[in-house]
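Report on the structure given below.
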Amino acid sequence: MVHVPSPPELVVRPLQRFRWREWAALALLWFASLIVVAVVVWLMHERVALGGSDSLDRAIAENGLLKQRVAVLERADQVARTASAELQRQIGQRQEEIAGLRADLAFYSRLTDASAAREGLSVEGLSLKGASAPRMYDFTITLTQNLKPGQIANGRVKLSVKGIKENQLSTLSWIDVTQDQDANGLAFSFKYFQQIKGTLLLPEGFVPNGVRVDADGGAQMGKAEREFGWTQALTSQGARNAG
């Protein structure tokens, strides 16, 4: 007989169901983690933004304060410079006044010194100063005499200007440099000294380099003359009051 094996045993097992609940839970957890990460990132961004805004505000405020301090310091420096310049100007002015007073003291000492040599009419000094119009100058001539104390010296004084015109030496007489003035000069009358003022006008193109002063006191006082450099006369300390 032929042996026929018995058929295999069939085991019927139930089909395993799809675990959708587990996957749903995982998806929910993943989505929740995304939300948490987004919230954390947003909070950090806001904190950084707030911190940066505060820093910017502080920087702007500090910059404003620094600008104010710089402005105050610049103003203080400007005031100090102005005060220093004014002080220097006053010092220079006082030094000029002192020099003038010393010159006056020496001048008066010569006039009143009994042991000093007696001199007749003398041209003591000349000063020039630019006037308001071009080529016009105010001049001051100082005359003295101590030969005859108490006696009046009367006479006239005039000046002439030497210089260059058209590349040639030239001398302008009294009537050439004065307008509406007596051709004989300016009158003077004094006991010890006198200041004589006037104005001269140089012609266009004339370059001055010297001035000559001529004074005539007549038979009693005689004549006096003296030459001054133009620059010397312009930088002179000035003339004295009449006496």
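Quick note: residue numbers are just sequence positions, from 1. All of these numbers come straight from a predicted model, not from anything done at the bench.
- Every pair passing salt bridge (charged side-chain N to carboxylate O under 4.0 Å, His left out) that includes a residue from residues 198-213 is listed here, sequence neighbours excluded: R212-D214, R212-E225.
- By the ring pair (Phe, Tyr, Trp, His ring centres under 6.0 Å) test, W174 is found to be paired with no residue, residues two or more places apart in sequence or in another chain being considered.
- Taking Ile, Leu, Val, Met, Phe, Trp and Tyr as hydrophobic and joining them when side-chain heavy atoms fall under 4.5 Å apart, one finds V70 isolated, its cluster having no other members.
- Every salt bridge (Lys or Arg N to Asp or Glu O under 4.0 Å) that R156 has, sequence neighbours left out, goes to D182.
- Sorted by first and then second residue, the side chain to side chain donor-acceptor pair (under 3.5 Å) pairs with a member in residues 60-69 form an empty list; sequence neighbours excluded.
- In plain terms, the two heavy atoms of A187 and I196 that are nearest each other are O-CG1, 4.5 Å.
- Contact record, Q194 with S189: OE1-N, 2.8 Å, taken as the closest heavy-atom pair.
- Looking at every heavy atom in both residues, L202 comes nearest to P208 through CD1-CG, 3.6 Å.
- Summarising the hydrophobic clusters (Ile, Leu, Val, Met, Phe, Trp, Tyr; side-chain heavy atoms under 4.5 Å, direct or chained), the residues clustered with L201 are M136.
- Taking both residues in full, the closest heavy atoms of L186 and G198 are given as CD1-CA, 4.4 Å, listed atom of the first, atom of the second, then distance.
- Taking the side chain to side chain contact (heavy atoms under 4.5 Å, CB included) definition, one finds that E86 meets it with R89, Q90, sequence neighbours left out.
- Evaluation of the ring pair (Phe, Tyr, Trp, His ring centres under 6.0 Å) rule for F228 yields no partner, not counting sequence neighbours.
- In this structure, the side chain to side chain donor-acceptor pair (under 3.5 Å) partners of K162, at least two apart in sequence or on a different chain, are E227.
- Annotation: L169, atom CG; neighbour count of heavy atoms from other residues, nucleotides and ligands within 6.0 Å does not exceed 12.
- For D77, the side chain to side chain donor-acceptor pair (under 3.5 Å) criterion is met by R81, not counting sequence neighbours.
- Among all heavy-atom pairs drawn from G222 and L121, the shortest one is O-CD2, 3.5 Å.
- Checked against side chain to side chain donor-acceptor pair (under 3.5 Å), T171 has no partners two or more places apart in sequence or in another chain.
- Among residues two or more places apart in sequence or in another chain, the side chain to side chain donor-acceptor pair (under 3.5 Å) test is passed with D176 by S173.
- Here the side chain of T82 pairs a donor or acceptor atom with the backbone of Q78 at under 3.5 angstrom.
- Across every non-hydrogen atom of A215 and F188, the tightest pair is CB-CE2, 4.4 Å.
- The distance between the ring centers of Y137 and F139 does not fall below 6.0 angstrom.
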